[in-house]
Number of protein chains: 2
Amino acid sequence: MVSSKDVAKHAGVSQTTVSRVLNTPEFVKKPTLDKVMKAIDELNYIPNAHARSLVQNKTNTIALLSGPLHNPFFVDTTSAIINYSNEMGYRVNVQYVNDHKLPEAYATAFENKVDGIILSCILIDDPIFEKLKQMDIPFITYNRKHKKNENFVEIDNFQAGYLSAQHMIELGHKTIAWVGGPLTVSSFNNRYSGFLQAIKDYNLPLSEQYIFNTDTSKQEISTAFHCLMKLKHRPTAICTGADSLALNLLDDAISEGFKVPDDLSIIGIDNVDISQHGLIQLTTVGSISQQNLGLLAISELIEMIENKKNDCIKITEPVKIFNRRTTRKIENKQ
Amino acid sequence: MVSSKDVAKHAGVSQTTVSRVLNTPEFVKKPTLDKVMKAIDELNYIPNAHARSLVQNKTNTIALLSGPLHNPFFVDTTSAIINYSNEMGYRVNVQYVNDHKLPEAYATAFENKVDGIILSCILIDDPIFEKLKQMDIPFITYNRKHKKNENFVEIDNFQAGYLSAQHMIELGHKTIAWVGGPLTVSSFNNRYSGFLQAIKDYNLPLSEQYIFNTDTSKQEISTAFHCLMKLKHRPTAICTGADSLALNLLDDAISEGFKVPDDLSIIGIDNVDISQHGLIQLTTVGSISQQNLGLLAISELIEMIENKKNDCIKITEPVKIFNRRTTRKIENKQ
DNA sequence: ATTTAAAATGGTTACGTATTCATTTTGAAG
DNA sequence: CTTCAAAATGAATACGTAACCATTTTAAAT
């Protein structure tokens with residue numbers, strides 16, 4: 001591998017001068033600069049970013065610990081995060097983390113001495129949070145937050161759950177089911193709470209049979225759907241913990257011969273890009289500003305990195321209903 | 001930052017021994033090992049991957065230069081590539097490259113001395129190809145290939161184009177349009193050629209008005225759609241260069257009040273995951289094996305990296321029609 | 001006890017860069 | 001022609017690790 005020393009030798013200058021040519025060319029005389037540039041060109045020299053990181057104690061790298069891309073929410077956020085980071089001069093190490101590989105994911109991030117960590121995969125009660133704080137690396141969580149309520153960007157999840165239930169109630173639905181994710185996750189937890197609150201406020205009955213807070217795998221969602229549809233009094237509406245779940249349920253509903261929204265209303269939360277597609281037109285709840293949560297988070301993170309700010313980021317975006325085609329007024333009693 | 005030297009001092013051993021504890025613990029006595037492990041734990045020591053890279057001349061990092069995620073093809077491939085790489089112990093630097101940022105993307109990959117490069121964004125006639133070969137870094141292209149015909153993984157694009165046209169023809173369509181991407185890209189180019197060949201083989205007339213090989217932006221696709229629908233003899237079928245384009249066209253068609261497949265048949269190429277969704281059910285052409293192209297490519301790349309093989313990878317997967325719900329037999333002449 | 005090979009550990013160096021400090025060169029003012 | 005500050009360049013070092021070679025310790029065989 002050709003190094004700056006090789007370039008120096010070839011150009012007849014010191015390695016220091018080569019370094020200067022690349023970093024502070026205004027301090028080197030024109031003829032010298034030309035000589036060095038010529039040598040760089042002739043030798044096809046490319047500086048080694050790792051060596052630079054070592055001496056500068058800065059890697060210009062950010063670790064992204066995201067959920068899997070089959071969840072369209074993470075498609076939108078990953079895209080925004082990577083593009084913004086690159087624009088700002090940072091490389092992004094991406095890992096799609098499932099729960100049992102989480103420690104590993106943190107380890108690689110730490111070993112690479114990244115300048116910052118942006119992550120969605122954190123539980124309300126996650127011991128990793130303390131470690132993260134100890135590490136003294138700027139970090140931020142998006143979509144989810146830790147119980148300590150520090151450094152997060154989210155939508156108003158409680159309100160989102162509330163609005164989605166209210167939406168169904170106002171459409172005349174009496175039997176409303178909930179399909180959400182693990183309650184160990186702040187977003188699902190708060191969305192579910194909001195849902196419950198609305199049901200309570202409107203004095204609707206609610207039996208446990210209609211509640212599923214399961215793993216978010218396609219498999220589990222299908223199971224939940226089948227259970228719901230086998231009930232004597234089928235729900236006429238399903239509120240879901242995320243667009244991703246709603247999309248899965250829609251798929252199930254269709255393959256089982258149910259018509260949405262004629263037989264069944266379904267609403268999501270997140271307002272992911274794909275939900276707007278003409279063929280999908282998912283009714284959902286999302287940020288009023290329609291700002292991408294990932295973008296919001298990464299811009300805050302880079303701000304933290306570059307300005308060494310230590311003040312806690314706490315952003316909760318207000319939400320509203322995006323009324324589309326998977327929900328409708330109920331006409332006749334079942 | 002706490003280094004292995006600090007650990008050594010704290011444990012009363014040499015830095016060499018600390019290094020051994022981490023890399024070849026079988027060569028260090030139990031009591032010493034315990035002492036060092038204790039020190040590591042107490043000091044919260046985490047080895048510096050960049051320093052290691054420097055001395056080992058291996059970064060365990062792969063650069064992924066992908067197309068944008070709003071193209072679902074890249075959702076599927078990115079996911080597969082990152083997951084497989086991580087499983088195999090590699091970190092992945094992801095960049096979503098648009099054409100004018102390409103040189104920059106290569107530069108960062110080179111500066112980081114990645115162990116390998118996996119990329120989709122290469123043109124048939126791209127000068128970067130020679131540079132890549134000169135760099136002596138293992139690399140592979142997926143989906144697209146360079147005219148030199150080296151190191152690629154693709155589907156049989158010509159056949160894909162051919163089959164999609166043939167599918168429409170056999171359904172009785174006479175006026176078939178083509179909406180594809182830039183012909184500077186091998187996949188689009190070959191798909192288009194296949195389409196043309198089928199039209200020719202079946203002796204169908206084809207006017208230039210029905211052909212669009214445009215930029216793949218949503219904007220451009222919409223423009224193409226409007227042009228097609230304004231024609232005196234509207235096409236009854238559109239063959240597209242990719243599922244991504246087909247999905248855009250479907251969106252346009254719906255928002256313009258056309259019914260698919262009643263008014264218009266649309267077929268894609270790629271068989272992306274989302275095309276199977278119950279609400280979409282896109283008829284498309286895809287690899288018979290249904291192997292993810294990204295996975296195929298990344299496994300070959302890592303093979304190249306680890307076994308220092310230099311033999312050229314040339315994989316072209318055979319394809320077939322996946323007949324779903326966006327195409328149908330034409331009933332009556334328009 | 002002595003020898004000896006194997007096991008365990010340590011000292012030193014290299015990786016490629018930026019930085020710090022010292023030295024040389026330049027050119028304008030006297 | 002000097003003087004001297006400013007501009008330009010260079011020498012030496014540090015960053016944190018693995019690798020190489022040298023040295024010490026251990027334990028088995030005589």
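Lettering follows sequence order; numbering is per chain, from 1.
- A:N23 comes within 4.0 angstrom of sugar-phosphate atoms only, judged by non-hydrogen atoms across all strands, and of no base.
- Between B:C121 and B:Y106, the shortest heavy-atom contact is O-OH, 3.7 Å.
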B/S/- contact track for nucleotides 9-14 of chain D, protein heavy atom under 4.0 Å: BBBB--

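- Look at NZ on B:K9: it is 14 Å from C1' on D:dG16, rounded to the nearest Å.
- For the pair A:I118 and A:A297, the tightest heavy-atom approach, listed with the atom from each and the gap, is CD1-CB, 3.8 Å.
- Spacing between atom NZ of B:K5 and atom P of C:dT13 amounts to 12 Å, rounded to whole angstrom units.
- An OP1 or OP2 oxygen of C:dT19 is reached within less than 4.0 angstrom by a side-chain nitrogen or oxygen of A:Q56.
- Between B:N60 and B:K58 the shortest side-chain heavy-atom distance falls below 4.5 Å.
- Straight-line distance from the NZ atom of A:K58 to the C1' atom of C:dG16: 19 Å, rounded to whole Å.
- In this structure, B:N48 atom CG and C:dG16 atom C1' are separated by 14 Å, rounded to whole Å.
- With contacts defined as side-chain heavy-atom distances shorter than 4.5 Å, the pair B:L54/A:N48 qualifies.
- Using modelled atom types and a 3.5 Å distance limit, the side chains of B:E154 and B:S187 yield no donor-acceptor pair.
- Counting to the nearest Å, the C1' atom of C:dT17 and the CG atom of A:N60 are 14 Å from each other.
- Residue contacts shown for A:S3 are limited to sugar-phosphate atoms, with no base heavy atom under 4.0 Å away.
- End-to-end axis angle for the helix from C:dA1-D:dT30 to C:dG30-D:dC1, using five pairs per end and rounding to 10°, comes out at 50°.
- For the pair A:D125/A:T184, no side-chain contact is recorded, criterion being any heavy-atom separation below 4.5 Å from C-beta on.
- One finds a salt bridge joining B:K30 and B:D34 here, because a Lys/Arg side-chain nitrogen approaches an Asp/Glu carboxylate oxygen to under 4.0 Å.
- Contact annotation: A:S19 reaches the phosphate of C:dA18 (side-chain N/O to OP1 or OP2, under 4.0 Å).
- The side-chain heavy atoms of B:Q95 and B:E104, taken from C-beta on, include no pair separated by under 4.5 Å.
- In this structure, B:L54 places its CG atom 7 Å from P of C:dG16, rounding to the nearest Å.
- Whole-Å rounding puts the B:D34 CG to C:dT9 C1' distance at 16 Å.
- The side-chain heavy atoms of B:N292 and B:Y84, taken from C-beta on, include no pair separated by under 4.5 Å.
- Between the CG atom of B:N112 and the P atom of C:dC15 there is a distance of 20 Å, rounded to whole Å.
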